[in-house]
Amino acid sequence: MGKTHEDDEIEIDLMELFYALKKRILVILAVMVLGAVAAGAYTKLLVTPMYSATSTMLVLTKETTLTSLADLQIGSQLTQDYSMLLKTRTVMQDVVDNLDLDMSYEQLESSITINYPEDTRIMEITVTNPDPEMAKKIVDEVASVGSDFIGDQMEVVPPKIVEDGEVPTSPESPSTSRNVMLGALAGLVLSAGVVILMTIMDDTLKSEDDIERYLGISTLASIPDRKDYISGKAKKKSKRKRRRRKRK
């Protein structure tokens with residue numbers, strides 16, 4: 001009943017953990033490589049690449065000129081309103097109907113990202129799709145339909161389409177190199193964690209030092225391992241046989 005806090009505390013020897021990791025370094029490296037290969041294969045074979053196309057629009061106002069500071073402030077405020085109008089159900093459904101898309105307007109809305117750089121009147125509309133050509137068609141249609149819808153609803157000069165989208169040549173996601181690195185890192189953490197856990201949970205006594213450290217008693221004598229004795233005896237017998245053969 002009189003156990004103290006020190007008796008319950010598990011002492012962790014950092015050097016012991018280091019040598020345990022060093023001893024199984026080949027296994028750890030193998031798991032790292034396996035994790036990297038698995039992540040790369042998963043990315044290439046099972047993940048659908050996504051392509052992004054971007055169209056740029058400029059917000060205009062009737063009252064002021066393009067070089068006016070007031071026009072810049074009004075335009076930057078309007079871009080936030082315009083971005084909300086662009087993703088309304090009416091605009092999304094018109095785009096779906098015009099292009100005969102096999103998706104709902106909610107799915108189309110989730111694939112659209114609108115960005116407006118700070119202190120500008122620029123709106124960047126980005127559409128992500130598994131088909132690079134379809135991504136360009138959708139973003140161009142969203143910009144066209146959205147510009148007309150904004151002009152009608154707000155009774156202002158419609159946003160001007162500055163640049164149409166381009167057909168993307170490389171996927172936006174996934175990143176194979178990034179996933180391979182994450183797979184290797186996951187393999188390293190998993191394998192090292194298992195080795196450390198096994199080392200900490202191993203409470204067997206392997207040497208005289210362990211007896212003195214964990215039990216607090218000194219050893220009077222040690223019994224040699226039977227395997228070592230047998231192997232040593234076998235070596236002596238083999239040496240005797242060799243000597244006999246030489247004498248003959």
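These figures come from a predicted structure and were not determined experimentally.
Ser104 meets the side chain to side chain donor-acceptor pair (under 3.5 Å) test with Glu106; sequence neighbours excluded. Remark: Ser191 engages no residue in a side chain to side chain donor-acceptor pair (under 3.5 Å) (not counting sequence neighbours). Qualifying side-chain contact (heavy atoms from CB on, under 4.5 Å) partners for Glu109, counting only residues two or more places apart in sequence or in other chains: Lys87, Met92.
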Distance-only donor-acceptor hits, side chain of residues 30-46, under 3.5 Å, sequence neighbours excluded:
{"from": "Thr43", "atom 1": "OG1", "to": "Ala39", "atom 2": "O", "distance (Å)": "2.8"}
{"from": "Thr43", "atom 1": "OG1", "to": "Asn179", "atom 2": "ND2", "distance (Å)": "2.9"}

Report, one line per pair, each donor and acceptor closer than 3.5 Å where one atom sits in a side chain of residues 47-57; sequence neighbours left out.
{"from": "Ser52", "atom 1": "OG", "to": "Thr128", "atom 2": "OG1", "distance (Å)": "3.2"}
{"from": "Thr54", "atom 1": "OG1", "to": "Thr126", "atom 2": "OG1", "distance (Å)": "3.0"}
{"from": "Ser55", "atom 1": "OG", "to": "Glu163", "atom 2": "O", "distance (Å)": "2.9"}

Stepwise side chain to side chain contact (heavy atoms under 4.5 Å, CB included) check, Met134 with Val127: CA-CA 9 Å; Met134 184 55 67; Val127 173; over 6 Å; no

Could you walk me through whether Phe149 and Thr88 satisfy the side chain to side chain contact (heavy atoms under 4.5 Å, CB included) test, starting with their C-alpha distance in whole Å, then the side-chain angles of each, then the deciding distance to 0.1 Å, before giving a yes or no? CA-CA 10 Å; Phe149 181 77; Thr88 57; 3.7 Å; yes

For Glu124 and Val162, what are the C-alpha separation, side-chain angles and deciding distance, and is it a side chain to side chain contact (heavy atoms under 4.5 Å, CB included)? CA-CA 10 Å; Glu124 297 175 340; Val162 179; over 6 Å; no

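Few gaps surround CD on Gln93; more than 12 heavy atoms of other groups in view lie less than 6.0 Å from it.
With respect to Ile138, the side-chain contact (heavy atoms from CB on, under 4.5 Å) criterion is satisfied by exactly one of Ile125, Leu101, Asn98: Leu101.
Among pairs with a residue in residues 130-148, those fulfilling salt bridge (charged side-chain N to carboxylate O under 4.0 Å, His left out) read Lys136-Asp140, at least two apart in sequence or across chains.
The shortest non-hydrogen separation linking Met103 to Val96 is O-CG1, 3.4 Å. Looking at every heavy atom in both residues, Ile150 comes nearest to Leu85 through CG1-CB, 4.0 Å. Residues Thr199 and Ala20 come closest through the heavy atom pair OG1-CB, 3.3 Å.
Thr169 has its side chain out of reach of Val167: every pair of non-hydrogen atoms, C-beta onward, lies at least 4.5 Å apart. Within the 4.5 Å cutoff, no side-chain heavy atoms of Asp97 are placed close to those of Asp100.
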